[in-house]
Amino acid sequence: MKEKKYFTLIQMSISIFLLTIMFFAVGLGKCFAGHGTGLYAPDRILVKFKGNITAEQASDKGYTINATFMRKFDKSGICVYKLDANEEIAIKLQELKSDPDIEFAEPDYLVSACIVPDDTYYPDQWGMPKVAAPETWDYTTNGSGVIIACIDSGINYNHPDLAGNLWVNSNEIPNNGIDDDLNGYVDDYWGWDFENGDKDPIDDYGHGTMVAGVMAAVGNNTIGVAGVCWSARIMTIKFLDSNGDGYLSDAVPAIEYAVQMGAKIINNSWGGPDYSASLSLAIQLARDKGVRVVAAAGNDSLNMDPTPNREYPACYGIDNIISVMATDQNDFMPYWTNYGYTTADLAAPGQSIKSTAMDGDYMTKDGTSFSAPFVSGTAALIWTTTPSLTYAQVKNYIMNTVDIPPSLNTKCVTGGRLNIRNALLASSDFVPPAAVTNLSVKSFDYNFIKLEWTAPGDDANSGKAHHYDFRYSRSEITAGNWDNATQASGAPTPETAGTVQTFKISGLSDGIKYYFAMKTYDEGGLVSDLSNVINQTTIDLENISAAANGGQVYAFSSQRNATVGAASNVIDDITTKTSSGGAWSSVTNPTYGQFVKIKLSKLATIRQIKFIMKGIKTNKWPKKVKIKASQLQNSGFIKIASVTLNNTDNVQKIDLPNSATQYRYVKVTIKSNYGGNAVQISEIMIKGN
């Protein structure tokens, strides 16, 4: 039976999310030696020049590219160069990619054998290979660059698989009865117990010890399990009691203590159904200090999107929170996990999770409580590798690099499950996408403008970017006023660099000059410079109808919705019919009764109809056409002209008698029957006012 406890408005008790203990073991996933790491030598690059060059010429090239030639490989022609100490590789590579003499230039990447830890129970830890932890461990197992606060039921800080990775307050002399660091807590060497108000945050329930083991059990030490981080700094903060319950009056100062003592990540594997302004404020204050909060989504089988089903702190919507739901060994949702298309950010393993136990042994349990520390450990690896990142960038890297199993579609914001390797590789990417330079207008009408451009890449013009941001405005768009421009919804997903893409922005007003620009983002939130800015004026329906010689021009082309002259698509709809059921443009043997019905954009007095024809064959004209009009779509048609076309002119105009009657629908019917290859009426233009 799954354990379910909540804090209520009366009790304000916070429950942790656990299920009945279940033991389950799975096989170790395959791992490939020599897998790429994404790390590289800080001062070396590999360059391949176009054509064959000698080592002497390659050395001379070093002066051109401001780098010291080291060696040239005879068979491939690849050259190795050493950079000046003050030169950044990302900037240098960006420069070299634009050099017409260079075929490619890249970092001197580090590769290594795939590390599989020798911990006794690692084969039972199915979640680690599922989130690509072994591939991540190829190049780092170190999360000690940041402090992760485990705000929970405490931690058994004597556990042999945890003791080496627990934070201690080095500014406090233990057990001397003095607040040595003047932080308001006496002898808080191991952290603090807010539930009992003392210096000893030892675990008396077992939950916090399991959570800590997922994040940072010592790896590759021949015993127990391996955490996401093999070396880490886990801060022990206790506020849940021996039954797994806690009060907000203890949770809020626990968060404040974590921030005060330098934690960059706070793991909250607990929560409840009641909104608390106090808890929300504490998390906001943590955000203001750049702290990332990871929260378990809960285990009540709830879709958290409806307000009555919310779980807190997972659903506060504060941008430094990552809300984590659970998946099983096959990337399916366990029946008990909470989820939400807008409220759960991503998924991580949460069923049959093997970890450290309070008694110094190991145990297996279910719950989103154990999904959250997968994400907390990942954030620690990322921040340790790249300390300069903001909490927003760390979240971007984690959320934008998930694996996307079909089972999670619409179940969380990303629709995906954590992939540690992808997140870490992305976080070491410092090259933003290139700016689009060929944004142009492909077509337009009175209410839309269709744009066209060539896709840049994830890194400059290589790879595939993550998403586009299109903006439009009635005034010139610049880098300075970009945020004030209107963001277009429904932008397409970037394709591979070099692919031509289009995007139709609808809902525009007629007769308005609009400016358009775009930016491109990679998975970590690195953004391109502003694209070239273009402008286009939509068709002005009123000005067309007020044109000289009285007339709005409506146009029909044999290609539906094509642009025809200045009138460009002011027709709302085209209905075509042929004896074979094909489109008007395919009529090659017109017979009696074939017609095109045109719906005008508004009521108009019809003054003139012009036929533009092509594919002339002697005596193959559709000699007679009958023109009817109506204000209704399917009835009330009145004949307004019946004309005979000559067989010599490609363009023929028919002036209609003056009439005050206005029409919305015009039907043009062919009244001829020739065998063989007949001419196409490629365009019909109607002038009215």
Side-chain angles (χ1 to χ4, degrees), residues 2-19 149-153 194-195 207-208 211 237-241 243-259 263 265-288 291-326 336-348 350 367-373 375-376 391 395 399 411-413:
K2 176 172 63 65
E3 188 173 288
K4 176 179 177 181
K5 298 179 181 178
Y6 302 101
F7 59 74
T8 65
L9 291 174
I10 298 174
Q11 184 186 19
M12 301 301 282
S13 171
I14 303 177
S15 73
I16 60 175
F17 302 123
L18 289 174
L19 287 180
C150 182
I151 299 180
D152 213 286
S153 62
F194 286 89
E195 190 247 328
H207 185 262
V211 168
I237 303 177
K238 176 178 171 58
F239 89 104
L240 298 177
D241 63 20
N243 295 314
D245 296 324
Y247 291 93
L248 290 180
S249 55
D250 292 329
V252 169
I255 292 173
E256 292 178 350
Y257 177 86
V259 175
I265 302 163
I266 295 175
N267 189 90
N268 291 344
S269 288
W270 44 266
D274 296 307
Y275 178 90
S276 164
S278 298
L279 186 58
S280 175
L281 178 58
I283 293 174
Q284 290 179 60
L285 293 174
R287 176 198 61 192
D288 295 343
V291 177
R292 164 64 55 206
V293 175
V294 181
N299 310 320
D300 302 298
S301 307
L302 293 174
N303 177 356
M304 299 187 297
D305 289 346
T307 302
N309 294 345
R310 299 285 166 88
E311 295 280 338
Y312 301 100
C315 293
Y316 279 127
I318 306 170
D319 66 357
N320 66 326
I321 294 176
I322 301 180
S323 171
V324 190
M325 60 176 286
W336 42 261
T337 186
N338 290 348
Y339 60 96
Y341 185 52
T342 63
T343 48
D345 288 319
L346 78 164
T368 58
S369 284
F370 312 116
S371 305
V375 175
S376 294
Y391 73 81
K395 183 174 182 178
M399 292 186 60
K411 300 304 182 183
C412 57
V413 174

Fill in the blank from the handout: Closest non-hydrogen atoms of Ile255 and Ala282, given as atom of the first, atom of the second and distance, are CG2-O, 3.8 Å
Problem - Counterpart residues, ring pair (Phe, Tyr, Trp, His ring centres under 6.0 Å), relative to Tyr257 (two or more places apart) - result: Tyr185, Phe194
Exercise for the section: Look only at the side chain of Trp270 and the backbone of Ser153, and say whether a donor-acceptor pair between them is shorter than 3.5 Å. Expected result: no
Practice task
Specify the closest pair of heavy atoms between Met304 and Arg310, including all atoms of both residues, with the distance to one decimal.
Solution key: O-NE, 2.7 Å
Completion exercise
CD1 of Ile266 to CZ of Arg292, rounded to nearest 0.5 Å, is 11.0 Å
Practice task
Ignoring hydrogens and angles, state whether a donor on the side chain of Asp319 or Tyr391 is under 3.5 Å from an acceptor on the partner side chain.
Solution key: yes
Problem - Heavy-atom pair of closest approach, residues Ala372 and Ala296 - result: CB-N, 4.0 Å
Problem - Validation row, ring centre Tyr247 to ring centre Phe239 under 6.0 Å - result: no
Practice task
Side-chain contact test, heavy atoms from C-beta onward, threshold under 4.5 Å: evaluate it for Val324 versus Leu346 and give yes or no.
Solution key: yes
Handout entry: Minimal non-hydrogen separation, Gly350 against Ala326, with atom names
Key = CA-CB, 3.9 Å
Handout entry: Atom pair CG (Asn303) and CG (Asp300), whose distance is rounded to the nearest 0.5 Å
Key = 12.5 Å
Practice task
Report the residues that fulfil side-chain contact (heavy atoms from CB on, under 4.5 Å) with Ala314, sequence neighbours left out, ordered by chain and then residue number.
Solution key: Ala295, Ser323
Completion exercise
Between Ser269 and Asp152 the two heavy atoms that sit nearest each other are CB-OD2, 3.9 Å
Handout entry: Donor-acceptor pair, side chain of Asp305 and main chain of Thr342, under 3.5 angstrom
Key = yes
Practice task
Indicate yes or no for a side-chain donor-acceptor contact from Tyr339 to the backbone of Ala297 under 3.5 Å, with no hydrogens or angles considered.
Solution key: no
Problem - Under 3.5 Å donor-acceptor, Ser371 side chain and Ala348 backbone - result: yes
Completion exercise
Separation between CG (Asn320) and CD1 (Ile265), nearest 0.5 Å, reads 12.0 Å
Handout entry: Contact check, side chains of Phe370 and Val211, non-hydrogen atoms, under 4.5 Å
Key = yes
Exercise for the section: Calculate, to the nearest 0.5 Å, the distance between atoms CG and OG1 belonging to Asn309 and Thr343 respectively. Expected result: 9.0 Å
Problem - Donor-acceptor contact present, side-chain Asn338 to main-chain Ser301, <3.5 Å - result: yes
Handout entry: Non-hydrogen atoms of Ile237 and Ala258 that approach each other most closely
Key = CD1-CB, 3.7 Å
Handout entry: From Leu248 atom CG to Asp274 atom CG, the distance as rounded to the nearest 0.5 Å
Key = 9.0 Å
Fill in the blank from the handout: Separation between CG (Asp345) and CD1 (Ile321), nearest 0.5 Å, reads 9.0 Å
Handout entry: Worked check of side chain to side chain contact (heavy atoms under 4.5 Å, CB included) between Ser280 and Tyr275
Key = CA-CA 8 Å; Ser280 175; Tyr275 178 90; 3.8 Å; yes
